[in-house]
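Some notes on the structure that comes next.
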Number of protein chains: 2
Amino acid sequence: MDTLDRPNARGPRVTAAMVAERAGVSTATVSLVANGKTQGRVSKDNISRVREAISELGYVVDGIGSSLAKGVSSIVILVAPDISNPFFAKVIAGVRESLRADYQLLLSVTDAGEFPQAADVRKLMAFRPAGLLVDAPNSDFLEELSAAGPLVLLDAPGLESYAPTVNLDVAHGARELAAHLADSGHTRAAYIDSVTGTATFELRRNAFLKEAGARGISVPPDCIMSTRIDLGAAAEAFAGAWPRWQRQGVTAVVCGTDTQAYGVLQEARVAGVRMPQDLAVAGFDDLPYSATSNPSLTSVHLPAVPLGRKAGQQLRGLMEGIELEEPHVTLDSSLVVRGSTG
Amino acid sequence: MDTLDRPNARGPRVTAAMVAERAGVSTATVSLVANGKTQGRVSKDNISRVREAISELGYVVDGIGSSLAKGVSSIVILVAPDISNPFFAKVIAGVRESLRADYQLLLSVTDAGEFPQAADVRKLMAFRPAGLLVDAPNSDFLEELSAAGPLVLLDAPGLESYAPTVNLDVAHGARELAAHLADSGHTRAAYIDSVTGTATFELRRNAFLKEAGARGISVPPDCIMSTRIDLGAAAEAFAGAWPRWQRQGVTAVVCGTDTQAYGVLQEARVAGVRMPQDLAVAGFDDLPYSATSNPSLTSVHLPAVPLGRKAGQQLRGLMEGIELEEPHVTLDSSLVVRGSTG
DNA sequence: CTGAAAGCGCTTACAG
DNA sequence: CTGAAAGCGCTTACAG
């Protein structure tokens with residue numbers, strides 16, 4: 001079949017008017033049929049006539065025209081600080097699962113660890129999104145955003161007052177981690193945090209520090225530092241701090257993300273530090289690579305796909321005008337012990 | 001400052017008509033100013049009057065209305081088969097770098113290893129994208145797409161007839177890998193390919209097999225298999241095949257992607273296979289985790305960020321109506337030898 | 001330099 | 001059940 005014969009071939013755009021003419025009806029009727037709003041409004045005869053014309057011409061409702069008329073598009077914007085994190089790819093997969101073909105997912109991402117400016121998002125708002133998903137936001141961002149319309153926050157502990165949330169119980173995993181290290185005999189640890197200052201990272205750190213303290217592990221203030229969520233950045237920071245930490249008796253390093261922990265593993269191996277004998281290392285996220293790193297990495301497992309899926313479901317509800325039964329949902333986390341902590 | 005006072009606060013949308021009224025001009029003039037097309041068409045006086053009104057009201061040009069009037073939006077669609085691959089996150093970073101704030105990047109992604117249906121993309125086309133980037137396409141997809149408008153292909157060797165391309169010289173790295181394995185004394189190898197059947201994977205496999213053959217490494221047909229680009233899928237496939245491969249004298253496994261190689265590493269360790277003594281493993285992509293896996297993974301390094309950046313630049317050119325100086329660009333690849341091959 | 005007006009493609013009261 | 005018409009917000013010839 002020649003390309004030119006096919007409905008989707010290039011050439012002048014097929015409009016509702018063309019379909020209407022072919023089917024011998026008005027564009028209003030075409031719109032009704034194309035949107036499945038025929039219930040008691042279009043005759044069986046016209047429905048099939050229009051359907052036939054649509055498939056013959058390969059008509060697709062124009063998203064721009066439709067959005068303008070409706071005042072809202074079928075675009076859902078996902079705002080997130082770190083697309084290079086494989087954890088995020090899983091979140092996206094979950095979101096897509098919920099939104100399916102009904103909505104188009106538009107990603108607003110920045111470089112690792114940075115958060116989009118509210119100005120960027122306002123530009124995206126000019127496309128009249130049907131809804132907004134914001135992953136790991138900080139409150140400043142939400143203050144500035146002041147978005148109207150359906151909004152669901154992911155991984156936003158403490159920010160429940162802004163919008164419906166889907167959170168992770170990272171504190172539970174953090175406490176398990178502290179208990180595990182205490183049980184393994186550690187009494188002094190260091191903590192490598194993320195510089196982003198998002199709530200989830202504060203929660204991870206605070207829950208860990210509190211439980212660590214309660215179980216006899218000290219984490220001196222000068223053994224807490226922050227880096228970008230980047231393997232190399234964490235590696236460099238660790239390399240600079242390790243001699244001092246070692247003198248201070250640090251035997252365990254906990255990182256806010258697995259990505260940072262990989263950097264520590266890498267640098268520690270280069271420095272000839274034996275793991276877990278001389279140093280235990282652990283992270284958060286339980287990325288797929290944590291099972292095959294050297295040593296394999298102990299990590300707090302966070303359910304990324306369910307997080308995205310649930311957020312997508314909640315947003316769907318809001319976009320369809322349904323009252324949410326449970327506006328605030330929290331998903332479990334748990335510790336996965338591997339070779340890096342013995 | 002109260003939220004309600006702020007320009008971007010929720011409430012009725014600010015339109016060009018409101019700006020026009022406030023500035024005492026027509027909406028035509030507002031449009032000219034907002035789009036920076038004032039050159040010899042708007043008086044200095046009106047320009048500043050409109051600018052003032054725009055900032056006072058917090059006006060942002062409505063993307064939907066603007067797109068409908070212009071016939072094209074500022075959306076760029078990136079179609080890709082595998083967002084869960086960290087390699088892809090880097091490609092995106094490169095694309096974003098080129099497109100900056102002028103275009104909004106809309107991702108059309110599917111689950112790992114699957115390619116979007118042309119029907120999905122046609123739906124996205126209803127948003128009148130300014131341009132299209134397609135990563136690692138196969139020719140069937142491009143045949144079906146028959147897209148009009150600016151289009152650039154990434155990692156699409158052999159598909160130069162469809163559109164401008166930015167390719168990776170994966171064959172060079174593949175040959176280096178074969179040479180390296182031959183030099184290390186291997187004479188029989190297995191190959192784990194991707195099921196997607198995209199051109200880049202054929203090229204990787206064919207270049208490796210040819211050079212391997214030329215250097216005395218045999219790869220029997222029953223030692224070539226395909227899996228999804230997924231750690232677990234590759235692990236399972238390897239576990240099933242390894243006993244037989246071992247009997248056949250296989251001492252090296254090459255994977256089309258690092259992600260699959262991680263699966264082999266994992267399963268081989270579980271099976272007590274010593275690497276690299278009993279088995280050498282290598283992949284393509286050189287993901288960040290390949291430096292810290294156990295053992296660290298020998299891989300063909302592919303420049304992901306430059307790939308995305310160059311593709312974005314080329315697309316920009318097309319969208320702005322500039323003739324491309326070099327419609328087909330190829331970026332280098334090279335082998336990075338690590339512990340998994342001794 | 002300026003504005004009135006047409007038009008982009010669609011959806012939705014509205015009148016019949 | 002049906003269609004003519006208004007309107008979504010903008011841009012762009014066009015006439016002045």
Side-chain angles (χ1 to χ4, degrees), chain A residues 12-51 53-54 57-75 122-123 125-130 149, chain B residues 12-51 53-54 57-75 122-123 125-130 149:
Chain A
R13 182 174 298 272
V14 177
T15 67
M18 293 164 67
V19 175
E21 189 182 357
R22 180 156 193 138
V25 298
S26 70
T27 58
T29 300
V30 171
S31 175
L32 258 16
V33 174
N35 289 289
K37 298 185 177 172
T38 56
Q39 190 69 277
R41 312 221 256 151
V42 184
S43 66
K44 291 229 177 306
D45 208 41
N46 274 346
I47 292 180
S48 58
R49 222 197 296 288
V50 171
R51 286 213 180 116
I54 285 178
L57 296 174
Y59 172 67
V60 176
V61 178
D62 183 75
I64 297 292
S66 172
S67 301
L68 186 57
K70 285 179 171 167
V72 62
S73 73
S74 61
I75 289 176
R122 225 168 297 141
K123 249 187 170 169
M125 296 302 258
F127 282 98
R128 314 256 197 126
Chain B
R13 181 174 298 275
V14 177
T15 66
M18 294 164 66
V19 174
E21 189 182 358
R22 180 158 194 137
V25 299
S26 70
T27 59
T29 301
V30 171
S31 175
L32 258 15
V33 174
N35 289 289
K37 298 184 177 173
T38 55
Q39 189 68 279
R41 312 222 255 151
V42 184
S43 65
K44 292 229 177 306
D45 208 41
N46 274 345
I47 292 179
S48 58
R49 223 197 296 288
V50 171
R51 287 215 179 114
I54 285 177
L57 297 174
Y59 172 68
V60 176
V61 177
D62 184 75
I64 298 292
S66 171
S67 301
L68 186 57
K70 284 178 170 165
V72 62
S73 73
S74 61
I75 289 175
R122 224 169 297 142
K123 250 187 170 170
M125 296 301 259
F127 282 98
R128 313 255 197 128

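Chain identifiers are assigned alphabetically (A, B, ...) following the order of the sequence lines, protein sequences preceding nucleic acid strands; residue numbering begins at 1 within each chain.
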If you compare every side-chain N and O of [X] against the phosphate oxygens of [N] (OP1, OP2), does one of them come in below 4.0 Å?
| X | N | result |
| --- | --- | --- |
| A:Lys70 | C:dG9 | no |
| A:Asn46 | D:dC1 | no |
| A:Ser43 | D:dT2 | yes |
| A:Thr29 | D:dG3 | yes |
| B:Ser66 | D:dC10 | no |
| B:Lys37 | D:dT12 | yes |

| field | Candidate pair A:Phe127 and A:Ser67, rule side-chain contact (heavy atoms from CB on, under 4.5 Å), full reasoning | value | CA-CA 9 Å; A:Phe127 282 98; A:Ser67 301; over 6 Å; no
Shortest non-hydrogen contact from [X] toward [Y]:
| X | Y | result |
| --- | --- | --- |
| A:Thr29 | A:Asn46 | CG2-CB, 4.5 Å |
| B:Val30 | B:Tyr59 | CG1-CE2, 4.3 Å |
| B:Asp62 | A:Ala126 | OD1-O, 3.5 Å |

Whole-Å gap separating [atom2] ([N]) and [atom1] ([X]):
| X | N | atom1 | atom2 | answer |
| --- | --- | --- | --- | --- |
| A:Arg13 | C:dC8 | CZ | P | 12 Å |
| A:Leu32 | C:dT12 | CG | C1' | 9 Å |
| A:Met18 | C:dC10 | CE | P | 10 Å |
| B:Glu21 | C:dG3 | CD | C1' | 15 Å |
| B:Asp45 | C:dT2 | CG | P | 8 Å |
| B:Arg41 | D:dA15 | CZ | C1' | 15 Å |
| B:Ile64 | D:dT11 | CD1 | P | 13 Å |
| A:Tyr59 | C:dG9 | OH | C1' | 7 Å |

| Nearest-nucleotide 5' precedence on DNA chain C, B:Arg128 against B:Lys44 |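 So the residue in question is B:Lys44.
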I want to verify a distance call: between [options], whose nearest atom is closest to the [X] side chain?
| X | options | result |
| --- | --- | --- |
| B:Asp62 | D:dG9, D:dT11, D:dG3 | D:dG9 |
| A:Ala69 | C:dC8, D:dG7, D:dT2 | D:dG7 |
| B:Leu68 | C:dC8, C:dT12, C:dG3 | C:dC8 |

| message | Donor-acceptor pair, distance only, cut-off 3.5 Å: does the side chain of B:Asn35 make one with the backbone of B:Lys37? | response |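 Pair absent, no side-chain N/O of B:Asn35 close to backbone of B:Lys37.
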| query | Under 4.0 angstrom, heavy atoms only, what part of the nucleic acid is B:Ala28 near: base, sugar-phosphate, or nothing? | reply |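 Base contact.
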| Across the strands shown, which category fits B:Val30 at heavy-atom distances under 4.0 angstrom: base, sugar-phosphate, nothing? |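 If one applies the 4.0 Å heavy-atom cut-off, B:Val30 turns out to touch nothing in the nucleic acid.
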| field | B:Val60 side chain near A:Met125 side chain, heavy-atom distance below 4.5 Å | value |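 SC-SC contact between B:Val60 and A:Met125 ruled out.
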| task | Please tell me if the side chains of B:Ile75 and A:Ile75 come closer than 4.5 Å, counting only heavy atoms from C-beta onward. | result |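 B:Ile75 reaches A:Ile75 side chain to side chain.
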| task | Under the side-chain contact (heavy atoms from CB on, under 4.5 Å) rule, what do B:Arg128 and B:Leu68 come out as? Steps first, then yes or no, please. | result | CA-CA 9 Å; B:Arg128 313 255 197 128; B:Leu68 186 57; 4.2 Å; yes
| Rounded P spacing from D:dC10 to D:dC14 in Å |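 The same atom, P, in both gives a distance of 23 Å.
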| query | In dot-bracket form, how is DNA chain C paired, counting a Watson-Crick or G-U wobble pair only if both its distances are under 3.5 Å and using | for bases paired to another strand? | reply | |||.||||||||.|||
